[in-house]
Amino acid sequence: MKTITKENQNKEQEIQEKINMCIDNSESFCFDAGAGAGKTYALVKSIKHILQDQDKRRLLKDRSQKILCITYTNAAKDEILDRIGYNSEIKISTIHDFLWEFISIQQILLIHEHREKLRDEQIKAEEQEEQFIENYSLDKNIFEKKVSDKRFLDVFYKNCHERADPFWKAIRVHDDFWGNYKFSFGKFKDAVKAVNRVVKYSQALEDNPSKVEYRPTQNRDNLAKNIISHDTLLDYCKKIIEEYDILQQMLLDSYPYIFVDEYQDTDKKVIDIISCVKKYAEDKNKSFTVGYFGDALQSIYRDGIGTLPNIDEYELIQKKFNRRSTTQIISVIEKVRNDGFGQQSIYENNEGESCEFYLTNIDFDLSEFLKKNDLTENTVCLLLKNNDIATKRGFSELLDVISKFPRFSEQNYGNINNEFLQKNSLHIGWFLREILEFVKFIECIIDDRSTVNQVIHFMPELTASKITFDRFSKLIKNIRLKLANIETMTIQECIVQLCQIDEGDKAIRNIFSINDENDDVMTYIKNRALDYLFFSDEGNSESLDKFFGVKFKKFENWHNYIFDKSMDTGIKYYTLHGSKGLEFDNVIVVLQDNFAKRDDYCKQFFENYNNSILNEKGQKRFNEVRNLLYVACSRAKKKLYVIYETEQFKDDKLVEKIGKIFPNVERIETEQE
DNA sequence: TTCACAACTGTTTTT
DNA sequence: CAGTTGTGAA
């Protein structure tokens, strides 16, 4: 039976007292707590400490001030909100939500900043254009006139996703003027876009924007339409707040306490804003307390600061207890971070099973391994790549098909993550959302556990009162008959089959917003797919057929991944990154070397473990892998397995190095093929 | 042999 | 989008 000793209880209490002291003396602090230490618990306690102090509370009320708590994600915000409950003296918000709420009413300043940005970007585009014109000794006026012509642009955008040869052919057919030149494909495209950007931006400046808008669902700025995205929001805020004392004062007057959750993931610009307010408060001799809560070693995102700059300005408080894992796991993760942090279990008698490390040749059979070790309950497999997750969860064919479309290729590669693999369904691409809804509809029809209301929800013209149960069951039976071969049907076949039944047809029209009864369903959906996948109505139907030829089952598997339904086996799959903040009884971490455009991702870490002479780049890489491995391994509560798929399988030196971290290193050789 | 450019390829996550 | 690989011309 694991228990917390009186001594450890007291020690934990003392740590909280230290934070409370800082708060009472309005001294800013940085609270560093290892994985599984109960960081959020400390954050919540700190807030409660202020609220329990009647004097402080009255002061807040009298001055209509609030405690500000900013988080990195919505999930973290919800959790803290959940634990603390609603209270008018606290403001809990994500960084972006908070800053936008604060700055959006300062439209005059925002517009000023925005005009500046438009001018900057316009100048950049002009320079790019000049460069091109100079390189090819073109006449500026003629060039500009030609490439901003509407008919030219039609041809241009219709073909710019093509290869170089067909592109030039199309351009020359439109106007044989271009036959006189031999431009570089890429540079010509850039130059045309630059010219039109100049036009767009100067138009926007002339129109004099009346309002700048932040769109959280959009990942890129649309400057000409006065729409900004996440990073530009932080950028404008930093510039505006640093420039205007009055805004620093406003922040200070409204929020005498600012707590930052997961500070290591926070953008530098946000830290700068807070530092600026802090400095203002010091100059004016006013009370202001900043508390950073986090763990520098759990920094795994590029934009995060990692360690706090000018950390010496803060009282450093560490919590070295672990409330999550067995002593065996704690000892391993302690060795992974290897900074002598000295984390230990808060419990006594918290011994568990030992951690296992397996080296194996590439192509390890994970399912076999799970079966052999009898792992089903509360078990998670952590893999490096989304691609491998897609394979394990049975939708890699869909991923392959979809990544070929312009929406997801070339400069839009990032959209695979933003719109297709996105777990937040509000952020999923608009057409994919309709597809997900369609999958949900079919699942609902097929599932015996669905209620009448759940089914009817998809059929706008039916209401429960309008239809008898008999007719309803008959309808469901008919639809199911059409879907009898669902396991092997393509998504197109599913749509076509359903449309043969009047109610099915209507439901689909509803899902895909087909308002005109005269429209053919399949044609309409394909047009929407074209709009989405090609950004326009110009695309070749051949590749579109590939999309609609994917088996429904694959879409279903993708749907289950998005909504985090575990598989039949009860095993869950996440990426190492995606596991952050979660915990499981059994964790299997699968490592490989070809990741992040490297072929020695893990090898470099293991080889240089305990070997402090690394150049800057090498150290950066090393830390990156170390932090990720630390995050992944520290998810485990009871049992941790690490499987390293490597070609350096036979390398004894490597095994020796790994042995410094993991007590049991074993080689598993897969049978010769 | 070098250079320039086209073509290909692929990490993760959040706002 | 960025970084790398492949191709073809000088």
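Residue numbers start from 1 in every chain, and the chains themselves are labelled A, B, ... in the order their sequence lines are given, proteins ahead of strands. Note that this is a predicted model, so its numbers are computed, not measured.
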Between atom [atom1] in [X] and atom [atom2] in [N], what is the gap in whole Å?
X: Asn387(A); N: dT12(B); atom1: CG; atom2: C1'; answer: 13 Å
X: Arg302(A); N: dT12(B); atom1: CZ; atom2: C1'; answer: 10 Å
X: Leu384(A); N: dT12(B); atom1: CG; atom2: C1'; answer: 9 Å
X: Leu382(A); N: dT13(B); atom1: CG; atom2: P; answer: 11 Å
X: Lys187(A); N: dA7(B); atom1: NZ; atom2: C1'; answer: 16 Å
X: Asn386(A); N: dT9(B); atom1: CG; atom2: P; answer: 19 Å
X: Leu383(A); N: dT11(B); atom1: CG; atom2: P; answer: 14 Å
X: Arg598(A); N: dG3(C); atom1: CZ; atom2: C1'; answer: 13 Å

Listed nucleotide nearest any side-chain atom of Arg163(A), set dC5(B), dC8(B), dT15(B):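 Nearest to the side chain of Arg163(A) among the choices is dC8(B).
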If you check every side-chain atom of His577(A), which of dT13(B), dA7(B), dT11(B) has the closest atom?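 Looking only at heavy atoms from C-beta outward on His577(A), the closest nucleotide is dT13(B).
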Trp558(A) side chain to Phe420(A) main-chain N or O, any donor-acceptor pair under 3.5 Å?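 Side chain of Trp558(A) to backbone of Phe420(A): a pair is present.
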Between [X] and [Y] (judged by ring centroids, cut-off 6.0 Å), do the two rings come close enough to count as a pair?
X: Phe293(A); Y: Phe259(A); result: yes
X: Phe547(A); Y: Phe555(A); result: yes
X: Tyr561(A); Y: Phe395(A); result: yes
X: Tyr641(A); Y: Phe357(A); result: no

Once you measure the plane-to-plane angle for [X] and [Y], does it fall in the parallel (<30°), tilted (30-60°) or perpendicular (>60°) bin?
X: Tyr263(A); Y: Tyr292(A); result: perpendicular
X: Phe534(A); Y: Phe405(A); result: perpendicular
X: Tyr214(A); Y: His96(A); result: parallel

Could you check Ile333(A), Val336(A), Ile329(A) and say which one makes a side chain to side chain contact (heavy atoms under 4.5 Å, CB included) with Ser634(A)?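 Only one option passes, and that is Ile333(A).
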Could you list by number each residue of residues 410-428 of chain A showing a heavy-atom separation from DNA chain C of less than 4.0 Å, or answer none if no residue does?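 Contacts with DNA chain C under 4.0 Å: Glu410(A), Gln411(A).
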When you match Tyr72(A) and Phe595(A) each to their closest nucleotide on DNA chain B, which lands nearer the 5' end?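 Final value for this comparison: Phe595(A).
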First encountered from the 5' end of DNA chain B, between Thr73(A) and Phe183(A):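 Mapping each residue to its closest nucleotide by heavy atoms, the 5'-most match is Phe183(A).
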Once base and sugar-phosphate atoms are separated, protein heavy atoms under 4.0 Å mark nucleotides 4-10 of chain C, 5' to 3', with B, S and - as -------
Give one of base, sugar-phosphate or nothing for Asn74(A), where a contact means two heavy atoms less than 4.0 Å apart.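 Sugar-phosphate contact only.
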When we call it a touch if two heavy atoms are under 4.0 Å apart, what does Tyr214(A) touch: a base, just sugar-phosphate, or nothing?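 If one applies the 4.0 Å heavy-atom cut-off, Tyr214(A) turns out to touch the sugar-phosphate alone, with no base involved.
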By centroid distance (under 5.5 Å) and plane angle (under 30°), are His230(A) and dT15(B) in a stacked arrangement?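 Stacking between His230(A) and dT15(B): present.
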dT12(B) base / Tyr301(A) side chain donor-acceptor hit below 3.5 Å: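 Side chain to base: no pair present.
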The test is side chain to side chain donor-acceptor pair (under 3.5 Å); show your working for Asn594(A) and Gln592(A) and say whether it passes. CA-CA 6 Å; Asn594(A) 59 327; Gln592(A) 57 185 113; 2.8 Å; yes
Respond yes when some side-chain nitrogen or oxygen of Thr575(A) is under 4.0 Å from OP1 or OP2 of dT13(B), and no when none is.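 Answer yes for this pair, as a side-chain N or O of Thr575(A) is under 4.0 Å from OP1 or OP2.
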